[in-house]
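When reading the values below, keep in mind they use all heavy atoms of this one structure, side chains included, and skip hydrogens, waters and symmetry mates.
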Amino acid sequence: MNTTPPFGAPAAAGERHALAADGTMLRLAVPDPADEPAVRAFFTGLSDESTRMRFFGASRVAGTQTAARICRPPAESGALLAWRGDRVVGAAEFHGTTPHEAELALAVADDWHHRGIGTLLIEHLIDIARGRGVRRWTADVLAENRAMLRVLQDLGLPLHRRAEAGVVTAVIPLDPAADDPGREEFLSAMGLRERQADTASLLPLFRPSAVAVAGAGRRPDSIGRALLANLTSAGWRNGLYVLHPTAESVAGVPAYRHIADLPRLPELVVVAVPAKAVPDLAEECGQAGVAALVVVTAGLDPDQTARVRNACHRYGMRMIGPNGVGIADTGGRTPLNANFTGIRPVAGHAGVAVQSGGVGIALLRQLDRLGIGVSTFVSLGDKYDVSGNDMLQWFETDPRTELAVLHLESFGNPRKFSRIARRVGRSIPVLTVDAGRSASARRAAASHTAAAVTPTVARAALFRQAGVTATHSIGDLVAVSALMSAQPLPRNSAVAVLGNAGGLGVLAADACADAGLAVPYLGEELERELKQILPPGAVCANPVDTTATVTGESLRRAVDAIAATGRIGAVLLALAPTALGDPLAELTRGSAVRGIPLAVVAPERAEAVDLLPAWHGALPVFADSRTAAVALAHARDRAQWLARPRGVVPLLPGIDPDRARAVVAEYLAGHEGGGWLPPEECATVLAAYGIPQAPMRYVTSDDATVRAFRELADLSPAGTVAVKAYGPELPHKSDVGGVLLDIADPNAAHAAYAELAHRLGPRLAGAVVQPMAARGVELIVGIDQDEVLGPLLLFGLGGTAVDLFGDHGARLTPLTDLDADDLLGESRAAKLLYGHRGEPPCDTDAVADLLHRVSRLADDLPQIAELDLNPAIATPGGVTVVDARIRVAVRHPRDPYIPRVR
């Protein structure tokens, strides 16, 4: 039976902050004895009806007794309180009834009903319960208590109900595995609830009714004055104030010393005061009831940072920054332009969220120039609260936003980002710059960001699985944004290239090939049709040389003919003006071509990309072929991702997580700092997940090696064995000569152990004896466990090829069937696995099954810090792990999907 918390290990008991359905921030905390008076007041303050629903009677004594129990819970129980300020507004508890089952109870203050408090408490309490080994909850609910029954039903977890004598007993399994549909249903339901709460909490940031600027002094060249000027120029007059210690007005805007002095409480305060003044100002804003802060101030030290964050949590304020250039939103009654970029954003349909202010300025200028404009712009800065995840959810719910454009150097919660981006990407493109690919860039990013920079291979896997379009430069990001905002997505990878100069067409064809696009033969029938459309002398192969005399109308008709075949995914025109005319200018005045993306390369243009008004709505024109081809390739990738099934995590028979967990727990009990599992324990963990392994014997002497030889040699096709050194200090045994192969007789086996003992001395704890494996394709399957990212599965050629080729495909777990197919098909091992030069194909189904079992193992046991199966040998008859290493450590990672405020 699976007893694993499938959504991550439980969070440590303590405090976390989360949002109610209406965006109100709550503090969720495990109670302690000091909380008993507040909890007692909560229960005694419930209405008679709520008391009856909770305790099946009107007695107030039950509330007093429950308060005492909640604040001093026994080991098999747990509880969580929802606080708003100093008041408890909700309480949930479970009380153990059997070793793996507990009874759930919940109550919410009457004036806080219908705000999602109960659901939020249950979501977080599930996390705690799983950590206590609880596999199943029961809840007795009065049949008339429809609100509670609806809360349980809407969780998304499987729910089994039985009714008797007016009481419904609900049974809720808490541990659906990765391959259980209930897991996905729960995560989806929880994600949609979080989106509702998150976007509601961001309304005061982007649609405030009143704004105050703190730090707008008398100097006209200060950042605060720039913020104030931008707000006033956007139309803010009434409802705009300045906080200033002495002035009565600044730049014509009324000024006040304190928030409490303002004639109207602002929902948003924009903070540009010196770093040392920010914590006190945040405290003052929170006490007054301000809902949101935008902190552009940089240079806060750790103590100042902690004080600001604590104030935001204590008073329920959302915060952008610190260390950003501000925000803008073009959708309110009065546009909000609270930034000091010097740019007044044009209203449009790109949602932009960046960490770097410089990148933000560049994107604003380019999107404005192209006429794409922005719906919302956010400079996230150090992301102490509002993050890229929050902004993606805002963009998803904003009907004006048709593109989500991001620049994120770090991910505070990359797993949640992946899940949100995968959902958002189904409705609008999500585009980003893959920043920090080099070691030096990662160091630079880590020096000015609040979260660790995600490893390159992990980030690439995250983007790929989530369907995020990740470019390598700001220029490419702008180019792809222009193409996707103006043109349909390509049907396939095939591109028809038409140029009015032969050299331009050749360069464009080369660029398409470099970008992974095809420039295929058009076919005799289409060539004949194009010859009738284009001027005499046109060469109608692909690329097509239209000659310099081609007109815009002829080009439009040619594109129509190409689109009508249904075989070509996109058309790339390479055009230069000549003395005979400018076909691009003529082209923009023609009638529309439908259903196929069209891009133009015009090398004489000054801008890298333009959007020209045309019969397409807008025609993307690029200054070079490479940029155009890269944009088309990214658009092709998005089309393929949208058309691709979502994939499923397959059911895996023969799995015993309890057995593996017991082995790991026993090892960690004796090794506080963790370490590499000994060979026999390692084999037991793999066997618990049905992972096929070569037979092995662990030996600690030369005589034992001889006995192992006699037991195992006959299992080898050649009658030989391998003797491999083992020791806690020998994780890479081949590097120290610790692997002896093709041992052919008992004497050689005896000598082999003696040789290892002589060579390695006290570092040798023993040796593993295995029959020599049959010839096959050597693979590596690995797991890298990250505290924030979670498990990442690596796959590629194994053996010595690991260092030679660096062939590592990667995917975040859990692995779907499509993920496994991709890993196999994209690796350098693909040709060997599927048969190469007359060799029979390997059993790729067995290799895929191995990947899924390792993925499940990594998800179930977060204590596995590293895992290497190298090599695993694939043959036509299956796959066998020949060598395995597993390093374990005590780990309690947070559940990445539970809704919480950073």
Side-chain angles (χ1 to χ4, degrees), residues 20 26 28 30-31 33 35-84 87-126 128-129 132 134-174:
L26 301 169
L28 306 183
V30 173
D35 297 326
E36 187 172 343
V39 179
R40 187 166 56 248
F42 162 73
F43 281 117
T44 58
L46 295 176
S47 67
D48 290 343
E49 180 68 3
S50 293
T51 300
R52 187 174 70 85
M53 293 295 180
R54 169 63 178 83
F55 299 109
F56 292 22
S59 171
R60 300 289 174 177
V61 175
T64 301
Q65 294 172 339
T66 300
R69 183 179 68 247
I70 282 179
C71 296
R72 296 174 178 81
E76 71 276 9
S77 302
L80 201 61
L81 304 175
W83 296 80
R84 179 63 174 171
R87 180 191 173 198
V88 175
V89 297
E93 64 168 325
F94 63 87
H95 181 70
T97 54
T98 71
H100 298 296
E101 185 170 304
E103 185 174 348
L104 171 69
L106 170 71
V108 174
D110 288 82
D111 55 337
W112 282 78
H113 284 182
H114 311 299
R115 298 170 74 174
I117 310 300
T119 303
L120 192 64
L121 281 168
I122 290 175
E123 287 170 346
H124 284 261
L125 197 62
I126 286 171
I128 295 171
R132 307 271 173 90
V134 177
R135 304 172 189 168
R136 185 171 50 256
W137 272 343
T138 62
D140 288 334
V141 184
L142 289 175
E144 61 196 276
N145 191 352
R146 293 187 178 88
M148 180 63 180
L149 291 172
R150 188 162 49 250
V151 165
L152 298 178
Q153 184 68 51
D154 292 346
L155 279 174
L157 287 169
L159 181 67
H160 310 286
R161 299 194 293 185
R162 62 179 184 271
E164 184 177 350
V167 175
V168 176
T169 298
V171 180
I172 310 165
L174 300 186

Would you check, one step at a time, whether the test side-chain contact (heavy atoms from CB on, under 4.5 Å) holds for V89 with R115?
-> CA-CA 11 Å; V89 297; R115 298 170 74 174; over 6 Å; no
Tell me, please, which residues at least two apart from R87 pass side chain to side chain donor-acceptor pair (under 3.5 Å).
-> D111
Over all heavy atoms of both residues, which pair between G90 and I117 is shortest? Give the atoms and the distance, please.
-> CA-CG2, 4.5 Å
Euclidean distance, R132 CZ relative to L125 CG, rounded to 0.5 Å | 8.5 Å
Of the non-hydrogen atoms in V151 and G118, which two are nearest, and what is the gap between them?
-> CG1-C, 4.5 Å
Within the side chain of H113, is there an N or O that forms a donor-acceptor pair under 3.5 Å with the backbone of V108?
-> yes
Under the salt bridge (charged side-chain N to carboxylate O under 4.0 Å, His left out) rule, collect the residues that match up with R146, sequence neighbours excluded.
-> none
Nearest-0.5 Å distance, CG of residue N145 to CE of residue M53 | 5.0 Å
Mind listing the closest non-hydrogen atom pair of C71 and D35 along with its distance?
-> SG-C, 3.9 Å
Supply the atom-to-atom distance I172 CD1 to L152 CG, rounded to the nearest 0.5 angstrom.
-> 4.5 Å
Check side-chain contact (heavy atoms from CB on, under 4.5 Å) between S77 and all other residues, then give those that pass, not counting sequence neighbours.
-> P73, P74, H95
Atom pair OG1 (T51) and CG (L46), whose distance is rounded to the nearest 0.5 Å = 4.5 Å
What's the spacing between I128 CD1 and L28 CG if we round to 0.5 Å?
-> 9.0 Å
Kindly write out the residues that satisfy salt bridge (charged side-chain N to carboxylate O under 4.0 Å, His left out) with R52, not counting sequence neighbours, or none if the list is empty.
-> E49, E144
Heavy-atom closest pair (A91 atom, L81 atom, distance to 0.1 Å) is CB-CD2, 3.7 Å
For R150, the salt bridge (charged side-chain N to carboxylate O under 4.0 Å, His left out) test, sequence neighbours excluded, returns none
Quick one: ring pair (Phe, Tyr, Trp, His ring centres under 6.0 Å) pairs with a partner in residues 44-75, sequence neighbours left out?
-> F43-F55
SB check R60 D48 (cutoff 4.0 Å) | yes
Contact check, side chains of V141 and V167, non-hydrogen atoms, under 4.5 Å | no
Write down the atom of A129, the atom of L174, and the distance for their closest heavy-atom approach.
-> CB-CD1, 3.9 Å
Side-chain heavy atoms of L149 within contact of V168, under 4.5 Å = yes
Salt bridge (charged side-chain N to carboxylate O under 4.0 Å, His left out) involving R84 - partner list, sequence neighbours excluded | none
Sequence neighbours left out, what passes side chain to side chain donor-acceptor pair (under 3.5 Å) with S47? Give chain and number order.
-> S50, D110
Name all pairs fulfilling the side-chain hydrogen bond (donor to acceptor under 3.5 Å, both in side chains) condition that reach into residues 160-169, sequence neighbours left out, sorted by first residue then second.
-> D140-T169
How close do L80 and L121 get, heavy atom to heavy atom, and via which atoms?
-> O-CD2, 3.7 Å
L106 CG to R54 CZ distance, which is reported to the nearest 0.5 Å | 8.0 Å
Looking at residues at least two apart in the chain, or sitting in another chain, which of them share a side-chain contact (heavy atoms from CB on, under 4.5 Å) with A79?
-> P31, I70, E93
Under the side-chain contact (heavy atoms from CB on, under 4.5 Å) rule, collect the residues that match up with T98, sequence neighbours excluded.
-> E101
Sequence neighbours excluded, which residues qualify as side-chain contact (heavy atoms from CB on, under 4.5 Å) partners of A102?
-> F94, V134, W137
